There are 2 protein chains.
Amino acid sequence: MINVFIVDDHPLVVEGLKSLLYGIDDIQVVATAANAFEAFEILQKVNIDIAFLDINLPDVNGIELCKKIKGKWPNIKCIALTTSNERTIIGRMMQNGAVGYLMKSSSKDELIRAIRQVYEGGYFMNVTMSETVVDKSLTVPFLTRREKEVLGLIADGMTNVEIADKLFVSPTTIKTHRENLLMKFGVSNTASLIKVAAQQGLLEE
Amino acid sequence: MINVFIVDDHPLVVEGLKSLLYGIDDIQVVATAANAFEAFEILQKVNIDIAFLDINLPDVNGIELCKKIKGKWPNIKCIALTTSNERTIIGRMMQNGAVGYLMKSSSKDELIRAIRQVYEGGYFMNVTMSETVVDKSLTVPFLTRREKEVLGLIADGMTNVEIADKLFVSPTTIKTHRENLLMKFGVSNTASLIKVAAQQGLLEE
DNA sequence: ATTAAAATCCGCTTTTTAGAGGATTGACTT
DNA sequence: AAGTCAATCCTCTAAAAAGCGGATTTTAAT
């Protein structure tokens, strides 16, 4: 019997998963949690085989949670739960010990396949996602604090001069940061820079 | 007894809603559909009070479906089902006859309240969303086919000349489209254009 | 048939960014 | 003490976009 644990703050998703898994002989949902704090309390009491982790939790994000679970309970297999727009974060999730991910738009069959495959020591990824996307996500560039700051201001529509004024530095400095951003993201202009940044969730509101 | 109909291509969401509504005295889920085509077949046979419509259906989008339902069955109340990133489309949905919207992250209570409120002739909107967001969503600019196309190519990092070559038109034409895009979005440069476009879900993949 | 909207085109000027090739300072690591 | 890296600054040139003022032709809707 595979003991499944669901961590997601969306009741719809939790209920949906429970409902889809109900009646499957070798699988049982033994607990659910709406946030990382709750999740930890449960993990200490309940014996878990597989944990589904939402990437956007209210307190800690799924990536951190995954890392922590892997640290304390290395035998628990974590599967990331994602929506379409969060695909690019999957690479980071895998680097932090997840052994699978499942899009919330997956079918019942995919869900069950994911659980069994992961339980038997394998990896699971939605087939709809090509390796290229995974590769892309793995190349999320490391940005310095300053670069992130400049990136945000660029996305807000500010020019180099405006940003320079705001940060009390020279426009050439901002220009350099901008060039480094283009280089790190492997793009050739601002438009694609902002696009990939947005897709990787680096631009909040 | 309130007859509820769910149209969503995500099994998780369908199952979640069914499961959350199961056992509520005055509400019953009488049918579900995974796309607009299926939905229409069911609507002709089954008596529906309230229809939950996903905004991103595989065939027709939820906005179109809402419009068509309102045209044929004016008594059916449509509630838009949205995820966080689709918030901005809600304005259009309401303009096409929806009387409510519900985020997929809503709680069971909100869900039930939405159904009852709408059934009794009222409107329902998640309280978590302020009017400012709704205002924003109402100002999602209407883009022509060509403008959407050009927007996508701009986001891909292409210059006016490159886009012009690809579309077999003059660079000045692309320039005009670009100006119109900036104007419609109320922004002053490409960076913020791509940012808001991305936030409004206009840039896929 | 008329009108409105969309899509197409042009020239001109100014501003902004990209591209190339540098250099210096300070902080932290080894 | 040497090395690495982030952050800062510089010049010059070329390319691209923004801002201005137009115009014509399809296409669709009433």
Side-chain angles (χ1 to χ4, degrees), chain A residues 139-198 200 202-203, chain B residues 60-61 63-64 67-68 70-71 91-92 95-97 138-198 200 202-203:
Chain A
T139 61
V140 172
F142 169 77
L143 301 184
T144 66
R145 258 164 287 115
R146 202 56 155 178
E147 282 168 348
K148 276 182 205 161
E149 194 177 10
V150 172
L151 175 60
L153 296 172
I154 291 171
D156 285 339
M158 292 172 74
T159 67
N160 288 343
V161 177
E162 286 167 344
I163 297 171
D165 276 356
K166 189 182 171 79
L167 302 182
F168 303 107
V169 296
S170 149
T172 43
T173 303
I174 306 302
K175 186 180 176 306
T176 307
H177 286 313
R178 198 172 198 135
E179 280 166 10
N180 291 336
L181 283 166
L182 291 177
M183 200 195 57
K184 286 189 176 181
F185 278 92
V187 295
S188 61
N189 64 23
T190 307
S192 23
L193 171 67
I194 300 303
K195 187 192 170 192
V196 296
Q200 296 181 353
L202 266 38
L203 266 32
Chain B
V60 186
N61 70 45
I63 296 162
E64 280 305 305
K67 204 172 170 181
K68 283 179 185 166
K70 271 290 143 188
R92 277 192 254 166
Q95 287 172 328
N96 281 293
L138 285 170
T139 62
V140 171
F142 169 77
L143 301 184
T144 65
R145 258 167 285 116
R146 202 56 155 179
E147 283 168 349
K148 276 181 205 160
E149 194 177 10
V150 171
L151 174 61
L153 296 172
I154 292 171
D156 285 340
M158 292 172 75
T159 67
N160 289 344
V161 177
E162 287 168 342
I163 298 171
D165 275 356
K166 190 183 171 78
L167 302 182
F168 303 106
V169 295
S170 149
T172 39
T173 303
I174 306 302
K175 187 179 178 303
T176 308
H177 287 312
R178 199 174 198 131
E179 280 168 9
N180 290 336
L181 283 166
L182 292 176
M183 200 195 60
K184 287 189 175 181
F185 278 92
V187 295
S188 61
N189 63 24
T190 306
S192 23
L193 171 67
I194 300 303
K195 186 193 170 192
V196 296
Q200 296 181 352
L202 266 37
L203 268 31

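Atoms considered below: every heavy atom in the structure, side chains included; atoms not considered: hydrogens, waters and symmetry mates. Below, read A as the first sequence line, B as the second, and so on, with proteins coming before strands; counting in each chain starts at 1. Predicted model only: the values in this text are computed from it and were never measured.
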A.B. asks: Give the rounded distance in Å between these two atoms: CZ of B:F168 and P of C:dA7.
C.D. replies: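 Taking CZ of B:F168 and P of C:dA7, I get 18 Å after rounding.
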A.B. asks: Taking the nucleotide of DNA chain C with the nearest heavy atom to each, does A:V187 or B:N180 sit closer to the 5' end?
C.D. replies: B:N180
A.B. asks: Measure the distance from CD1 on A:I174 to P on D:dA7 and round it to the nearest whole Å.
C.D. replies: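 Between P of D:dA7 and CD1 of A:I174: 11 Å.
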A.B. asks: Heavy-atom nearest nucleotide on DNA chain D for B:E179 versus A:R145: which residue maps closer to 5'?
C.D. replies: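 Here A:R145 is the residue nearer the 5' end.
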A.B. asks: Side-chain N or O of B:N160 less than 4.0 angstrom from OP1 or OP2 on D:dA17?
C.D. replies: yes
A.B. asks: Please determine which of B:T173, B:T172, B:D165 meets the side-chain contact (heavy atoms from CB on, under 4.5 Å) test together with B:V169.
C.D. replies: B:T173
A.B. asks: Can you tell me which nucleotide in D:dT8, D:dA17, C:dT17 comes closest to the side chain of A:T176?
C.D. replies: D:dT8
A.B. asks: Just how far, in rounded Å, is C1' of C:dT17 from CE of A:M158?
C.D. replies: 16 Å
A.B. asks: Quick one: closest heavy-atom pair of B:I154 and B:T190, and the distance?
C.D. replies: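 Heavy-atom minimum between the residues: CG2-CG2, 3.7 Å.
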A.B. asks: How many Å lie between CZ on B:R146 and C1' on D:dT26, as a whole number?
C.D. replies: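 Answer to the nearest Å: 13 Å.
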A.B. asks: In whole angstrom, what separates B:H177's NE2 from D:dG19's P?
C.D. replies: 18 Å
A.B. asks: Can you check whether A:P171's main-chain N or O pairs, donor with acceptor, with A:N160's side chain at less than 3.5 Å?
C.D. replies: no
A.B. asks: From CG of B:L167 over to C1' of C:dA6, roughly how many Å is that when rounded to an integer?
C.D. replies: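 My rounded result for the distance is 15 Å.
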A.B. asks: Per the atom types in the model, does the base of C:dC10 pair as donor or acceptor with the side chain of B:S170 at under 3.5 Å?
C.D. replies: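 Side chain to base: no pair below 3.5 Å.
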A.B. asks: Looking only at heavy atoms, which two atoms of B:K195 and A:D156 are closest? And how far apart?
C.D. replies: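 Looking at all heavy atoms of both residues, the shortest contact is NZ-OD1, 2.8 Å.
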A.B. asks: Taking NZ, NE, NH1 and NH2 as the nitrogens, is one of them in B:E162 or B:K166 under 4.0 Å from a carboxylate oxygen of the other?
C.D. replies: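 Salt bridge between B:E162 and B:K166, a charged N being under 4.0 Å from a carboxylate O: no.
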A.B. asks: Roughly, in whole Å, what's the span from CD in B:E162 to P in D:dA16?
C.D. replies: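 Going from CD in B:E162 over to P in D:dA16 covers 8 Å.
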A.B. asks: Counting side-chain heavy atoms from CB outward, which of C:dA18, D:dT8, C:dG19 is closest to A:T190?
C.D. replies: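 That would be C:dA18.
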A.B. asks: What's the closest nucleotide to the side chain of A:K175 if the choices are C:dT17, C:dA18, D:dA17?
C.D. replies: C:dA18
A.B. asks: Under 4.0 Å, heavy atoms only, any strand: does A:T172 hit a base, just the sugar-phosphate, or nothing?
C.D. replies: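 Counting heavy atoms under 4.0 Å across all strands, the contact made by A:T172 includes a base.
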A.B. asks: Is the distance from OP1 or OP2 of C:dT17 to the nearest side-chain N or O of A:R178 less than 4.0 Å?
C.D. replies: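 So the side chain of A:R178 is within the cut-off, an N or O lying under 4.0 Å from OP1 or OP2 of C:dT17.
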A.B. asks: Provide, to the nearest angstrom, the distance between the CG atom belonging to B:L181 and the C1' atom belonging to D:dG19.
C.D. replies: 16 Å
A.B. asks: Among C:dA18, D:dC9, C:dT16, which nucleotide sits nearest the side chain of A:T173?
C.D. replies: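 Nearest nucleotide to the side chain: D:dC9.
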